[in-house]
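Here's a structure for you.
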Amino acid sequence: MDRSDSSDPSLLGERTTRRGFLSRASTLSLAIPGVGAALTACSPDSDGGGAPDQRGGSLSAADSLRLHNANSRLDTTLHQGGPLHGNTSATPGTAQGASQTVFHRYDPALPPRPAGGRIRLNWRAREVPVRIGGDIVVAGWTFEGDIPGPIVHCQVGDTVEFTLTNDGVVPHSMDFHAAQIDPKTAFRSVPKGQSVTFTFTPKWAGAFMYHCGTAPVLMHIGSGMYGAIVVSPREALPPAKEFVLVQSEFYLAEASAGVRAFDYQKMLSTLPDFVVFNGRTNQYIDAPIRVKVGDRVRFWVVNAGPTHPCNFHVVGEQFDTMYLGAPPLSPIRGVQTWDVAPGGGMCFELVCDVPGEFPFVNHGFGHGQKGAIGFLVVEP
Ligand SMILES: [Cu+2]
């Protein structure tokens, strides 16, 4: 049968179903920030600025006006022949000074929590080159010039005052998973040169992701705009050496003038070139995380994705405690591996009884092999 025949009742059914799905998805977009923006920005009907809809469907103009984030209609210049080159993160800023960009190891230590119960963060969204390995410089869309962005440490009940100023040419925004706040206002996109400010008080302890939520969200997370906010509980957890690991995937285009841009079509294909902890390949193999025998180690693991899970495991060790959510609530004992979902975060603890060199890995080894591996060295 000719599948292009519109009188084919089975095909009609398929189309009706698809339309129903898109309609439901549009309604869903009002409830779940990011979902609607990603769907609509990928629709040719939204503003002409998004990527082609991979399902071949479309949303109506009325649907696009009901977006959770009205600014999304201004969001990216992908596919418009603007300052971006095709489907990549290459913007003018991401090439400037690329060859002089210096590699630095991303410090995984959890920074101390600022005293006083009030944290003021004045951050800039910056489009800059970032050296993620000895010979690899990427065209990063960043918070504060690094991938991941800075680690934030606060406590349940603290007040976090946050301002984002956009120094890039593409609109950007901030979505803190540790916040309960109206996303339409707080997480809105800001164009070049403008700022957004909001305040929140974390209710729950845990390891939370933050990320740019500007559409297409996949493109902005996939180009480096994410990081971790660790919310400690009011009641003290057992003394430990605390580290933060943010897993993420890199989908890269071929190098141009020494810089590899992030590639949107590759992100959609979901087959990454690298899967890394804290934005670098091999950094904790070359310079491991070091502790002493007898130490308790607490890993706050955030999975920025954008797509794949992090099946966290330490070779030769077991987690005596893993907190499914809100430590010290929901402890699970004697865990070998647990998967942290994209957009999620968890707390893993172990006690270093014996000296040695213990690889911490994504035990989904297709991804461990692509870089999600490092060493925890336990010294006598
Ligand atoms: Cu962004």
Side-chain angles (χ1 to χ4, degrees), residues 33-42 46-47 49-51 67-80 82-94 121-130 138-150 152 162-177 179 183-198 209-229 246 248-252 261-264 267-268 279 302 304-307 342-343:
V35 169
L39 282 170
T40 309
C42 287
S46 58
D47 63 349
L67 262 178
H68 79 281
N69 176 358
N71 287 330
S72 291
R73 285 181 291 132
L74 307 172
D75 273 352
T76 80
T77 48
L78 285 173
H79 306 279
Q80 286 190 324
L84 302 183
H85 305 290
N87 296 329
T88 78
S89 64
T91 62
T94 59
L121 302 171
N122 244 309
W123 285 6
R124 292 184 173 269
R126 301 179 59 208
E127 296 158 11
V128 292
V130 178
V138 297
W141 294 359
T142 75
F143 292 112
E144 293 287 279
D146 205 357
I147 303 174
V152 181
F162 179 79
T163 295
L164 181 71
T165 302
N166 187 0
D167 284 350
V169 298
V170 177
H172 296 295
S173 58
M174 173 59 90
D175 173 341
F176 275 107
H177 288 195
K184 191 168 31 173
T185 307
F187 299 166
R188 71 181 183 273
S189 296
V190 285
K192 175 185 167 81
Q194 295 189 21
S195 300
V196 59
T197 297
F198 58 92
M209 181 184 179
Y210 64 75
H211 63 91
C212 178
T214 297
V217 180
L218 174 64
M219 181 67 192
H220 286 251
I221 294 177
S223 297
M225 301 193 82
Y226 49 78
I229 173 170
V246 179
S248 61
E249 303 135 32
F250 285 178
Y251 302 86
L252 300 174
F262 291 99
D263 184 321
Y264 187 60
M267 293 174 202
L268 288 168
V302 166
T307 297

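Just so you know, ligand 1 is whichever comes first in the structure, and atom 1 is the first atom listed for that ligand. Note that the numbering runs from 1 along the sequence shown for the chain.
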- Item | Centroid separation Phe262 to Phe250 less than 6.0 Å |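 Judged by ring-centre distance (under 6.0 Å), Phe262 and Phe250 do meet the cut-off.
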
- Message: Checking the side chain of His177 only, and the main-chain atoms of Asp175 only, is there a donor and an acceptor separated by less than 3.5 Å?
- Response: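 Looks like no, no N/O pair under 3.5 Å.
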
- Message: So, of the N/O/S atoms that His220 has, which is the nearest one to the Cu ion (ligand 1)?
- Response: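 Nearest N/O/S atom of His220: ND1.
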
- Message: With a 3.5 Å distance limit and no angle check, can you tell me whether Glu144 reaches the backbone of Arg124 through a side-chain donor-acceptor pair?
- Response: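 Looks like yes, one N/O pair under 3.5 Å.
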
- Message: For the backbone of Ile147 and the side chain of Thr142, can you confirm whether one donor and one acceptor N or O come within less than 3.5 Å of each other?
- Response: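 Looks like no, no N/O pair under 3.5 Å.
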
- Report yes or no: does Met225 have an N/O/S atom closer than 2.8 Å to the Cu ion (ligand 1)?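 So Met225 counts as coordinating the Cu ion (ligand 1), yes.
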
- Item | His172: its N/O/S atom lying closest to the Cu ion (ligand 1) (atom name) |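 Going by distance to the Cu ion (ligand 1), the closest N, O or S atom in His172 is ND1.
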
